[in-house]
Every structure is written in structure tokens, then in C-alpha cells.
Student: 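Have a look at the structure that comes next, please.
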Amino acid sequence: MIQQPEFDVLARGARKQLRVIGALVIRELQSRFGRHNIGFLWFLVEPLLLAGGVSLMTYTSHTAIPEGLASLPFHLVGYIAYMQFRTNANRAASIILSNRVLMYHHQVTMPDIVLAGTILELGATLCALILFTGIFAWFGLSPAPERPLLLVGGMLLMWWYTTGLAMIICALGQYSETVDRLVHPFTYLSLPFSGMFFRVEWLPPELREAAQWLPLPQITEIVRQGVWGDLHSDYLHPFYIISQAAVLTFLGLLGLRVARHRVRFE
Amino acid sequence: MIRLVNVVKTYPTPVGRRLILDNVSFCVERGQSLGLMGRNGAGKSTLMRAISGLEKPDAGRIERTMTVSWPLGFFGGVHGALTGADNAKFVARIYGLEIEPLLERVQDFADLGVYFNMPVNTYSAGMRARLSLGLSLAVDFDCYLVDEITGAGDHRFVQRCHEELMQRKATGTLIMISHAPETLRLYCDTGAILDGGKLTFFETVDEMIEAYYAL
């Protein structure tokens, strides 16, 4: 009986935050993809161009992809998984600067702004993934996602991991503009290590041991297993990735709390 | 009621930290209307941002027992990349208000015409101020923080603004920054001057204005 009011307060707080994040997602949607859907079409063009280019290189150099996988879907699925990482990390340091006017409304907080950005990215990349795998299945290049839950689960894991990372970058970004400049080359340099171009199973044994410590190739592997259901990996450690994501999120939330007083308003 | 207790706020400058609010304590009761004066750069806007909760003080605390608007100035509260209407929808969503009636109220007050559906970046300073004020009036706060935007806009808007603010003065709470003695006499009952990080209070607006010109 006594618990009731406390629960009410909690529920009301949760509803309020959902409302705020929803409004922020719509606001992000408007400025990133525009009011017309042409913006989302452009969003699809980039991964297609990149994966298409890589496939053209593998085709002209007669490099076969192991396990009989088709180059285009293999690279495209890998790249879309990486896109969440890249966009969320790249935008994190400057996202407050471009949204701080909204913090004039006291219910809009820094974690809300970061979350809205990464949720939108999750939605957009998931749509792109479903659309492309559907088209590839239509052309017989790859199966229609055979374990859809694993595909969605992998993308969710990437969202969680990169949201924690984005919060940390965002907090650090309030202390120095250098953070924003360093993040961009870092995300590009991390592309070869992301798992876009390989499966851990295909690496030489000594590299496999090291690759196990990287979360990105593992998450990419989970997403790929969602499409090609018979893929199997001995190098998946979901608990390890979840712990990393949890630690990053905790540090990120803490960092944003400390960095709040660094945000300047005109 | 809004109560500030020993609030300290500093800003970093190339020659060390500058003290903007030096142990400021005061209380604004419900129904009061307070005018604020001070030289450019004295920290009036900083004080407003602290009262609204936008900027956290370095030390001290701020208590609020009523809803307080965001600081209504030429900046903040509306996003430049969005249209006026999209900003209004955003505000409706985060405050949990119905969208259509709010859009009507804002458009009726701000009178932006076709600009309502254009990005705020394309607005003049006066139009921005009208939108910001229109939005905050539609949300219906207990206390309004007005930072020098009453003089914005044309004759018709000044008239609308006057009607709305007089009504708020009668029923709500008002804290207002202005350099214009006429405006302060019109809207405020008491006054305070911010100088050198210290706030000095005056029983009447006329006393404040006199002291301000003697600064």
C-alpha cells in the first residue's frame, strides 16, 4: 500500500522521459533525413556504394569469399553493423553543441540527447538491413534472414555498446574540442578491425586469439548469423560483450553527470 | 517560491576565473514581479539561467516550488534547423500538451504567417523572440523569466505582448531583465541591481532606476 505512490512517481518519470526521447527522435529525424523520404534513400546509397566497391575489387581480383558466401551481401551486412558504431561515435562529441538550445527545456537532459541519436541510428540501420537482405534474397544472393531474432539481437547489442561509448565520448567532448577531431580518424582506422571484411574463423590462429578481445567483430558475427543461419563461431562471448557494454554505459552516464556543468549556453 | 541560497557562479577567462555571482541569496514569492538591472556583462543572464536550472551553480542551492519558464531571450528554447511549427510540436510533446491547440495559440500570438513553416534560422531576431515567447505562454508556467525581449517586434506585437504580460503580472510571477526604465516601471513591483557579483534589492522600481543611473 505504501509502495503505491513511489511506484507512481517512478512510472510518471519513465513516461516523461519516454515522451522527451520520442520528441528528440522526431526532431533528429527531421533534421537528418529531412521531411521528405529522399534523405533516407541517401542513407541507403552509402553502404551500397561501399559494399559494391569492395565486391567489385574481390570480383576483379578473383578473391573468393570462404564458405561460399556472396561478396555483396557479406560486406554490406558487415558494413551496416559498423555504421552504427561509426555514426554514434562520430556524432557524440558535437551532439550537445547542436542540441543544447533544447536543454533550455528542463526535462531535456544530456543522456536523452545521446540516446535519441543512437535510437534513430538503430532504427535507420535496422531498416536498411532488412531492406537489403530482402532484396538480396529476392535475387538469390543470400538467404532471407534465417534467424531474424539473432539479427535484431546483434543490432541491439551494437546499439547498446555504441551508446555507452557515445556517452563517454560526449562527456569527454565537453572538456576539449580535440576529442571531436580525434574520434573521426579513430573510427575510420577501426573499420579494418570491425569484422566488415572477415569472420574471426577465417583469421590465422594467432590473430584469432587477439580478435576475441574486440567486441565489434563478434557483434558483426551475431548479425551475420542472423542472415546465414548455419554459420557457427567458436569465438563468440556474448557475456563478455554485455559486460563491456554495461561498464561503458555506467562510465558514460557518470561522465555525462560530471560534464553537465561544462556545457555553455549563450 | 524560488529561493537562492549562497549561490556562487564563476566563469573561466584567459586571466583566471571570473566571479559572476558572489554568494547570492534571495527569495521570490509567488505573485511577485521583480525587475533586474545591471551593466552589460554583469551576469544578469547568467543569473536567469541559474534560476531556471539551465546552469548549475558552483556552490549553493536553488529551490523552486513552482514551474519556471526557460529564460526568454533572443537565444534558446527553439532549434534553428527546425521550423517554428516543428519547434511548437516539440514543445507540445515534451510538456505532454495537445499539439493542435498549442499550434493555434502560438501562431495566434506570434503571428509569423508563412514563416511559421520555415526554419527558425531564417527568422529575424524579433520573430525568434515572438516564437519563443508564444511557446512559453502556451505552456503556461507559474513564473516567467523575461530577458529583454519585450522591446522586440513591431507595434502590434508589443501591444499583444503587453496584454499577455500584464495578465501574468496579475496572476503569476515575473522576473524581468531590462535596460528600459519604462518597461520595468510597467511590469515590476520591486527591483534589484547586479553589480560586481552582488545583488542589491530595492523596495520600488523607481529607487532601483535611480541607483542604476548613479552606478
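Reckoned from all heavy atoms, side chains included, excluding hydrogens, waters and symmetry mates. We name chains A, B, ... by the order of the sequence lines, and we start the count at 1 in each one.
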Student: Measuring centre to centre across the rings, with the benzene-like ring taken for any Trp, is A:H106 within less than 6.0 Å of B:W70?
Tutor: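 Aromatic pair excluded; centres sit 6.0 Å or further apart.
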
Student: Report, as yes or no, whether the 6.0 Å neighbourhood of atom CZ on B:F201 holds more than 12 heavy atoms from other residues, nucleotides or ligands.
Tutor: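 Yes, because the 6.0 Å sphere around CZ of B:F201 holds more than 12 heavy atoms from other groups.
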
Student: Over all heavy atoms of both residues, which pair between A:H105 and B:G77 is shortest? Give the atoms and the distance, please.
Tutor: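 So the minimum-distance heavy-atom pair works out to NE2-O, 2.8 Å.
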
Student: Got more than 12 heavy atoms from elsewhere within 6.0 Å of CZ, A:F43?
Tutor: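 Result for CZ/A:F43: enclosed.
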
Student: Taking atom CZ of A:F265 and atom OG of B:S52, what is their separation to the nearest 0.5 Å?
Tutor: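 One gets 8.5 Å once the value is rounded to the nearest 0.5 Å.
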
Student: Does any heavy atom of chain A fall under 4.5 Å from the side chain of B:P57, the backbone, both, or neither of them?
Tutor: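 The answer is neither part of B:P57.
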
Student: Could you check which of A:Q107, A:R264, A:H261 has the highest count of heavy-atom pairs closer than 4.5 Å to chain B?
Tutor: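 The option with the most such pairs is A:Q107.
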
Student: Give me the atom names and distance for the closest heavy-atom approach of A:Y104 to B:P71.
Tutor: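 So the two residues come closest at CD2-CD, 3.7 Å.
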
Student: With a 6.0 Å cut-off (strictly less than), is the heavy-atom count around CZ of B:F141, excluding the residue itself, greater than 12?
Tutor: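 Result for CZ/B:F141: enclosed.
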
Student: Would you say B:E98 has more than 12 foreign heavy atoms packed within less than 6.0 Å of its CD?
Tutor: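 No.
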
Student: Starting from the C-alpha separation in whole Å, work towards a yes-or-no answer on side chain to side chain contact (heavy atoms under 4.5 Å, CB included) for B:Y95 and A:R19.
Tutor: CA-CA 8 Å; B:Y95 288 92; A:R19 222 162 53 201; 5.8 Å; no

Student: Relative to chain B, which of A:I26, A:V263, A:I21 shows the most heavy atom pairs under 4.5 Å?
Tutor: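 Of A:I26, A:V263, A:I21, A:I26 has the most heavy-atom pairs under 4.5 Å with chain B.
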
Student: Go through the atoms of A:R260 and report whether side chain, backbone, both or neither lie under 4.5 Å from a heavy atom of chain B.
Tutor: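 Contact with chain B is through the side chain of A:R260 alone.
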
Student: Below 4.5 Å from any heavy atom of chain B, which atoms of A:L24 appear? Answer side chain, backbone, both or neither.
Tutor: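 Both parts, backbone and side chain.
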
Student: Of the backbone (N, CA, C, O) and the side chain (C-beta and beyond), which part of B:V139 lies under 4.5 Å from a heavy atom of chain A, both, or neither?
Tutor: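 It is neither, since no heavy atom gets under 4.5 Å.
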
Student: Are more than 12 heavy atoms from other residues, nucleotides or ligands located less than 6.0 Å from atom CD of A:E177?
Tutor: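 Check fails, neighbour count at 12 or below.
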
Student: Report, as yes or no, whether the 6.0 Å neighbourhood of atom OH on B:Y11 holds more than 12 heavy atoms from other residues, nucleotides or ligands.
Tutor: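 More than 12 within 6.0 Å, yes.
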
Student: Heavy atoms, side chains only, cut-off 4.5 Å: are B:I94 and A:V108 in contact?
Tutor: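 Result yes, sub-4.5 Å side-chain heavy-atom pair found.
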
Student: Should A:N99 and B:H79 count as side-chain neighbours, where that means a heavy-atom distance under 4.5 Å?
Tutor: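 Side-chain contact under 4.5 Å: yes.
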
Student: Which atoms of B:L82 come close to chain A, meaning under 4.5 Å heavy atom to heavy atom: side chain ones, backbone ones, both, or neither?
Tutor: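 The side chain, not the backbone.
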
